[in-house]
Number of protein chains: 4
Amino acid sequence: MKAFVSHTLNGVNSLVLEDVPAPPPLGPEQILLAMHAASINYRDLLVLSGGLLSVTLPDLIPCSDGAGEVIDVGPEVWRVKVGDRVALTFNPDWIGGPWQPSPRAAGRGGVVQGVMREQLVASQHEAVILPQHLSFEEGATLPCAAVTAWHALCGAQPLLPGMTVLLQGGGGVSLFALQFAKLFGVRVIMISSSPQRCARLKSLGADETIDYRARPEWDTAVRELTDGKGVDLTIEVGGAETVGRSHASTRTGGRLALVGLLSGRPNVSASGVDITAIRVGSRQDFEALNRAIAFHKLRPIIDSRYAFEHLPDALRHLQTGRHMGKIVIGFD
Amino acid sequence: MKAFVSHTLNGVNSLVLEDVPAPPPLGPEQILLAMHAASINYRDLLVLSGGLLSVTLPDLIPCSDGAGEVIDVGPEVWRVKVGDRVALTFNPDWIGGPWQPSPRAAGRGGVVQGVMREQLVASQHEAVILPQHLSFEEGATLPCAAVTAWHALCGAQPLLPGMTVLLQGGGGVSLFALQFAKLFGVRVIMISSSPQRCARLKSLGADETIDYRARPEWDTAVRELTDGKGVDLTIEVGGAETVGRSHASTRTGGRLALVGLLSGRPNVSASGVDITAIRVGSRQDFEALNRAIAFHKLRPIIDSRYAFEHLPDALRHLQTGRHMGKIVIGFD
Amino acid sequence: MKAFVSHTLNGVNSLVLEDVPAPPPLGPEQILLAMHAASINYRDLLVLSGGLLSVTLPDLIPCSDGAGEVIDVGPEVWRVKVGDRVALTFNPDWIGGPWQPSPRAAGRGGVVQGVMREQLVASQHEAVILPQHLSFEEGATLPCAAVTAWHALCGAQPLLPGMTVLLQGGGGVSLFALQFAKLFGVRVIMISSSPQRCARLKSLGADETIDYRARPEWDTAVRELTDGKGVDLTIEVGGAETVGRSHASTRTGGRLALVGLLSGRPNVSASGVDITAIRVGSRQDFEALNRAIAFHKLRPIIDSRYAFEHLPDALRHLQTGRHMGKIVIGFD
Amino acid sequence: MKAFVSHTLNGVNSLVLEDVPAPPPLGPEQILLAMHAASINYRDLLVLSGGLLSVTLPDLIPCSDGAGEVIDVGPEVWRVKVGDRVALTFNPDWIGGPWQPSPRAAGRGGVVQGVMREQLVASQHEAVILPQHLSFEEGATLPCAAVTAWHALCGAQPLLPGMTVLLQGGGGVSLFALQFAKLFGVRVIMISSSPQRCARLKSLGADETIDYRARPEWDTAVRELTDGKGVDLTIEVGGAETVGRSHASTRTGGRLALVGLLSGRPNVSASGVDITAIRVGSRQDFEALNRAIAFHKLRPIIDSRYAFEHLPDALRHLQTGRHMGKIVIGFD
């Protein structure tokens, strides 16, 4: 069967489309998926550049996020059945409760082979049934960005209607956080890089936006919008450049959720903000957000679609940072 | 000044409108309120009938829920200032955190003198500033019913968008729970006593309704609406007659919140439901729901308005059980 | 290989020692165990009597709790290695977070084949490594009783030093709860059926005991020991006969944890106690209690030991209710 | 009556012993205390140096921590009675639940007049009854250091027996954290500045100690003691110099609690540690730790005692940093 492989982890250009062996017979709790869609994340670029993970796979099949149809099941499988439309979790070992270390915690498309292939064998415990109203491409946007956004919003403590959340830019995590935050009845302030992008975020539901090019001291602007107090929760996706202002935008007793691979050195006690490191989320998080998506008929915001064989182009588009929403790969 | 007083706790008819002494000078953390509105609760009827509390006040001034304007403050007051529009908490000693016993825990209009008077002295710690868009009458609906509803919804564990909540009838707690639940993005199933009342609840936002006269085994109907699983949370306001079916309507691992003064004997372990007793809520709950009300410009649902001197008529109307929403008393 | 089997679920007498087929080859995440010990629970009697589960296995191999050595592993196993000494979880699908329904939730030795056999194939996700200082027989006491006790103590909310817990009798759950509660720095009151048993419980660490034969209104005795307030947490293992007094022994705002298969009809709101249904616990609970057991070098309290072929005698001893602590089965 | 006052906030030398006016008559919820003891904290030095608070009191009476006897009560006081032995909370407005901003949040002996006087009027809501077995001097050690230690240990999430906590040095917060941690059944690793101090900490219950002068890369030593994983919780009291190594000593998914007035710039995401800012704690925390202290007959560790008039000497001793445990002031 066809798969994308990087033998050298030497960037997007190291990707080659190859014939790889068909999957082995299924173990008792395994399932076989015909893959129909993927979505890409900034992390996929980092993995392909070889710089992210201390341990990586030889002959890496890239990309963490995919969706497909169950076409066979092992004898002890009970979570799904043939014909079910599913997505796969990022971290196969995080079912629920607090995060725990495991050799697969760094996730699919990195320390576990990724989704850019025609068929894939997974454990039944990695599969999450898609909301009925979503296409495979929409479902493929969820495993990393949506679960991260959900967990950052409500994983550490309850999010209550009327609270205020600060989000950044138009990437996948921030847009899912915007959509989910509105389901929670929360006020959303977003920063972005142009009046056009700010207008687009408002049209997607943001209550207030700040153009950080026009207003470089945007933390002051956030304080002005919150009676000088700061927001209850900030989801930081920018890293070293923004973490200081994000911290300064958050109220005493509030929370700064750090997403993913970024790092920085905020002044941690002056203002009394709690800081939470977000490592995607659990399968229970994924199931909870799917229940919300299904009830509200929410649709992921898709920036653009590429065919399977154009994965490298999709990744190059992601690299520009000019997208708003998820970039998806349709396999069909 | 004028106040309603019951000297005998012999029911609504024992209420007399009297001249009572003007309030004493303010202590350092006390505030003086000119009262503008009250709302009434079923508990007020129970207190007036003398059957509720082991300890009651002589010469009881009834009613727990009121709103007014701050017209004077003691020298150490910082939470409010003259001119502020405020409501008062039900339990003056529950500021935040878990409920704790106190001699005033049974609340205002019972073990603390109530709000049916022209002026009232309270501690600054009992005052909660009203959302700007609410009238005094709307604000007066909040202290008991809205705080109870909020606490029952989210006091024990986070309420997530896409969860399902079961509510009962058209009383104050259930209608606030309906309004708040929609802010949380939650699916709401309600039972009521007629097609007309069911239709009204749907118009107020209920996702599904069940006419329990037409469908006496309404727990079965709830199971049908939830793929056989039962709801995540039931807020029980009916008592001994309904608690068994409420319990049976709730999923294994779900929660049954028991409101107030009611009791019953459900079969507590067969189905594995957690049960939480709700004793109104804290001032922090009140402040949190006010923040949600203010952001969403939510308006309490008012059944009817009575003038100050017609309190007895209002209470008799409440006794019929035919109201939908809160019955308020306008003092002006 | 040898195994105990019940073909008829007709009580202890229906158990027969048989040759059963050797385990099939391992799936990718499966492990093969050489079993060395089991322990028995009251539930095992109920399963064997055929009355417990709506769905049961044909040719049931009984008993949920066992420990053994890993003697082979599938190619994707990372949680354990050959030579590890492990116990198995009761509910194979509850890894962490809130309980979720699954076809295997009713547990091993019921809807999943039990441990009374020489070898056993399990998923790596069911295995928990034993604390080094425990024998296989001691380790075999943990999966049901110890995990239930731990989860009942601290699963619903934090248990703080200085709180008071009420426990009942000398069964496995209650004795583990006693031992764990002392690690948490908690005051323990226990009821039991004789002065001798009370003295034994005191020697095991109980702070106060009540002989409920001498003091049938033992809830009053509990109130006397707690300044009239009641305890913070009661772990109810007795069922319909005791649940009312357990409820009455618990303070307003406190918690009544209902263990297992028991049920009753307490008056649920008069005193404002929260009620939690305990369905054993998660693998994360098991790992957490093992960490506590390892650090404190705690040893399970063993009532008696039977050889593999004497399982029926062990079960008959359990039936008498005269044990104190766990009854174990040594396979070697 | 006699009081220490600083008119200039110019350091310890600016303290003068003066006659100040007798307290005014009591308000309805106020109490009058005859003060018997105080304890001092590093914060008291910072306040006296004028550098700590943006708003300070003119004619400051210093010190946050005191204990005394109730000698009069206002007419609505119910929490205490004449003759009760009490301590006062640091932040008079934090009763329970999450921290909230208030003009008095920066605490007694700073934005509220301190305890270094013969008599003191407080609200009944600031008083916490002392455990019977404690002297006034022992009780006076609790309001800031013990409440901070308790809240840092268990305020953010449950502390379970068998977890590992890292503590620093021999100041009041760290020693209370050590004593409390042992009540929770937790393993304690401590760093200190000499073999003698390490030996003393071990004699007080520390499981392992690290002499950070002998082992400057003490975070590596902490990792070695924890199988390379890091501790579950670190309570950081040192500030900019230590926060980086504290962070590096904590496991992925663990927690770094930042105490008080210190700040620093750890690299916040590389290792995935949650960071919590500790602002002392609530009255409910104080009551909870008192319950634990009373049950376990725990006694605070007192470094030295000074008479009332020798407060300046006591503060100079604190400044040396050579103490181990609390420095108390006896008024009698």
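In this text the structure is predicted, and so the values were computed from the model without any measurement. Any value given below was found using the heavy atoms of this structure, including those in side chains, with hydrogens, waters and symmetry copies removed. First the proteins, then the strands, lettered A, B, ... as listed; each starts at 1.
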Inter-chain donor/acceptor N,O pairs below 3.5 Å: chain A to chain B:
from    : atom 1 : to      : atom 2 : distance (Å)
L183(A) : O      : G185(B) : N      : 3.3
G185(A) : N      : L183(B) : O      : 3.3
G185(A) : O      : H296(B) : NE2    : 2.8
H296(A) : NE2    : G185(B) : O      : 2.8

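By the 4.5 Å heavy-atom criterion applied to side chains, L160(B) and F184(A) are counted as neighbours.
No part of I293(A) comes within reach of chain B, as not one of its non-hydrogen atoms sits under 4.5 angstrom from that chain. Using a 4.5 Å cut-off between heavy atoms, L289(B) does not touch chain A at all.
Taking the ring-ring contact (aromatic ring centres under 6.0 Å, His included) definition, one finds that F176(A) meets it with F180(A), sequence neighbours left out.
Of the listed residues (G185(B), P161(B), A288(B)), the greatest number of heavy-atom pairs within a distance under 4.5 Å of chain A belongs to P161(B).
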